[in-house]
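Chain letters run A, B, ... following the sequence lines, proteins first, then strands; residues in each count from 1. Here the structure is a predicted model, which is why all the values come from computation and not from measurement.
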Protein chains: 2
Amino acid sequence: MSPSPSSFPEQARTLGALLRLPYHRLSKRLYAEMAASGFGEIRPSHSVVFRHLSPEGSRLTDLAEVSGLTKQSMAYLVEYLAKHDYVTVAADPVDRRAKRVLLTKRGHVFMKALLAASSRLEDELGKKIGRTKLQNLRTALADLDEAIMTLPK
Amino acid sequence: MSPSPSSFPEQARTLGALLRLPYHRLSKRLYAEMAASGFGEIRPSHSVVFRHLSPEGSRLTDLAEVSGLTKQSMAYLVEYLAKHDYVTVAADPVDRRAKRVLLTKRGHVFMKALLAASSRLEDELGKKIGRTKLQNLRTALADLDEAIMTLPK
DNA sequence: ATAGTTAGTCAGATAGGCTGACTATATTGA
DNA sequence: TCAATATAGTCAGCCTATCTGACTAACTAT
């Protein structure tokens with residue numbers, strides 16, 4: 001160890017840091033749990049695919065756009081998930097250029113498990129810090145996000 | 001556009017999502033502002049270096065450990081920052097194996113600017129969503145982080 | 001005087017993005 | 001009706017942020 005980690009004057013916890021810390025800890029934990037439940041192939045980056053997949057099947061381009069990635073990046077993620085049987089890629093019935101990405105059975109099981117783990121975790125946290133407080137936190141976070149989005153300039 | 005982005009049943013905003021969204025938006029904005037102020041070389045990943053640098057100079061290994069990166073990764077970040085004159089790397093006076101990473105003048109200027117931009121941004125957000133609410137949010141986030149850390153298993 | 005530990009380096013891998021150039025198919029407007 | 005343009009997706013290649021493993025130099029405790 002070094003002398004004394006006499007940190008910088010007012011190493012103030014910025015709002016960014018306050019958001020980042022729990023976020024990273026939470027997702028690390030969540031994906032570790034998923035890995036332990038047999039979904040070890042899924043990495044955090046893949047969640048954007050699940051997050052926006054619509055039940056009728058989504059187009060690659062739409063998925064890419066809504067999640068703010070390029071088509072190429074999305075194709076890469078989808079290919080991986082298809083290889084591991086979480087999604088299938090089918091021809092679009094009405095547009096021969098397009099493909100539709102659909103959840104497989106395994107994909108559905110995974111999504112259910114992820115949501116379940118997430119809400120179980122959140123429940124435990126609610127017990128620790130208080131359900132009301134957690135609920136207020138949720139609301140405040142949503143409001144904050146809204147506020148950042150609508151910031152001028 | 002696709003048929004209708006009829007999203008999945010209860011595409012519930014998980015706590016993770018609620019943390020992620022404002023975090024990403026905030027840091028994107030902050031680093032864009034830094035780039036606009038002439039600090040375009042600094043990328044978000046570099047902030048871990050600044051975050052833990054102590055005024056007497058920190059050892060690479062200590063920086064790596066406290067920020068949860070490998071020595072190699074930290075060396076890579078520090079080298080980049082040194083190349084762009086944000087830090088200098090000097091021999092450790094008491095241990096000839098070791099090096100000490102120190103902020104340059106430019107490094108100090110950057111840190112000040114980052115902190116200033118961060119608090120200005122936070123101030124604007126306070127005006128939008130209410131200062132008290134924002135303060136409560138800060139506290140709640142810190143508590144949440146604590147709670148996640150001390151979760152069993 | 002070593003044996004073991006610690007600080008940092010070198011080489012190479014992987015994941016998660018990106019841009020640019022391209023093909024195939026659709027749409028639109030003269 | 002067809003040429004021009006737009007859209008869906010692919011191929012190739014790049015960059016960044018990590019990691020692991022193997023190594024050298026130097027320090028520390030017997």
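Distance A:M74 CE to D:dT7 P: 19 Å, rounded to the nearest Å. Between the CG atom of B:L63 and the P atom of C:dT6 there is a distance of 18 Å, given to the nearest Å. Atoms NZ (A:K99) and C1' (C:dA24) sit 12 Å apart, rounded to a whole Å. The CD atom of A:E79 sits 16 Å away from the C1' atom of D:dA8 (whole-angstrom rounding). Atom-to-atom, CG of A:D92 to C1' of D:dG9 comes out at 12 Å; the value is rounded to the nearest Å. Rounded to an integer number of Å, the gap from CD1 of A:I42 to C1' of C:dG16 is 15 Å.
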For nucleotides 16-21 of chain D, list the nitrogen or oxygen atoms of the protein found under 3.5 Å from its nitrogen or oxygen atoms, one pair per line.
from, atom 1, to, atom 2, distance (Å)
D:dT16, O3', B:R43, NE, 3.4
D:dA17, OP1, B:R43, NE, 3.0
D:dA17, OP1, B:S45, OG, 3.0
D:dA17, OP2, B:R43, NE, 2.9
D:dA17, OP2, B:R43, NH2, 2.5
D:dA17, OP2, B:S45, OG, 3.4
D:dC19, OP2, B:T70, N, 3.0
D:dC19, OP2, B:T70, OG1, 3.1
D:dC19, OP2, B:S73, OG, 2.8
D:dT20, O4, B:Q72, NE2, 3.3
D:dG21, O6, B:Q72, NE2, 2.3

Protein N or O to nucleotides 23-27 of chain D N or O, pairs below 3.5 Å:
from, atom 1, to, atom 2, distance (Å)
D:dC27, OP1, B:R96, N, 2.7
D:dC27, OP1, B:R96, NE, 3.4

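In this structure A:E41 satisfies the side-chain hydrogen bond (donor to acceptor under 3.5 Å, both in side chains) test together with A:Y86, A:R106, sequence neighbours excluded. With sequence neighbours excluded, the residues satisfying side-chain hydrogen bond (donor to acceptor under 3.5 Å, both in side chains) with A:T70 are A:S73. Listed by chain and residue number, A:T150 satisfy the side-chain hydrogen bond (donor to acceptor under 3.5 Å, both in side chains) test with B:K128 (two or more places apart in sequence, or in another chain). The salt bridge (Lys or Arg N to Asp or Glu O under 4.0 Å) search around B:K133 returns A:D143, not counting sequence neighbours. Every residue two or more places apart in sequence or in another chain that forms a salt bridge (Lys or Arg N to Asp or Glu O under 4.0 Å) with B:R131 is listed here: B:D123. Residues that satisfy the salt bridge (Lys or Arg N to Asp or Glu O under 4.0 Å) test with A:E33, not counting sequence neighbours, are A:R29, A:R120.
Residue pairs meeting the side-chain hydrogen bond (donor to acceptor under 3.5 Å, both in side chains) criterion with at least one partner in residues 15-27 of chain A, sequence neighbours excluded, are A:R25-B:D145. Listed by first and then second residue, the ring-ring contact (aromatic ring centres under 6.0 Å, His included) pairs involving residues 122-153 of chain B amount to none (not counting sequence neighbours).
Under a cut-off of 6.0 angstrom, the local environment of CD in B:E79 is sparse, with at most 12 non-hydrogen atoms contributed by other residues, nucleotides or ligands.
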Pair up each side-chain donor or acceptor in residues 89-96 of chain B with any protein partner under 3.5 Å, not counting sequence neighbours, and list the distances.
from, atom 1, to, atom 2, distance (Å)
B:D92, OD1, B:V94, N, 2.7
B:D92, OD1, B:D95, N, 3.0
B:D92, OD2, B:R100, NE, 2.8
B:D92, OD2, B:R100, NH2, 3.2
B:D95, OD1, B:R97, N, 2.9
B:D95, OD1, B:R97, NE, 3.2
B:D95, OD2, B:R97, NH2, 2.9

Discussion item. For A:K71 and A:M74: C-alpha separation, side-chain torsions, deciding distance, then whether side-chain contact (heavy atoms from CB on, under 4.5 Å) applies.
Written reply: CA-CA 5 Å; A:K71 295 183 290 178; A:M74 184 51 69; 5.8 Å; no

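Taking every heavy atom of residues 20-38 of chain A and every atom of DNA chain C, no pair lies under 4.0 Å.
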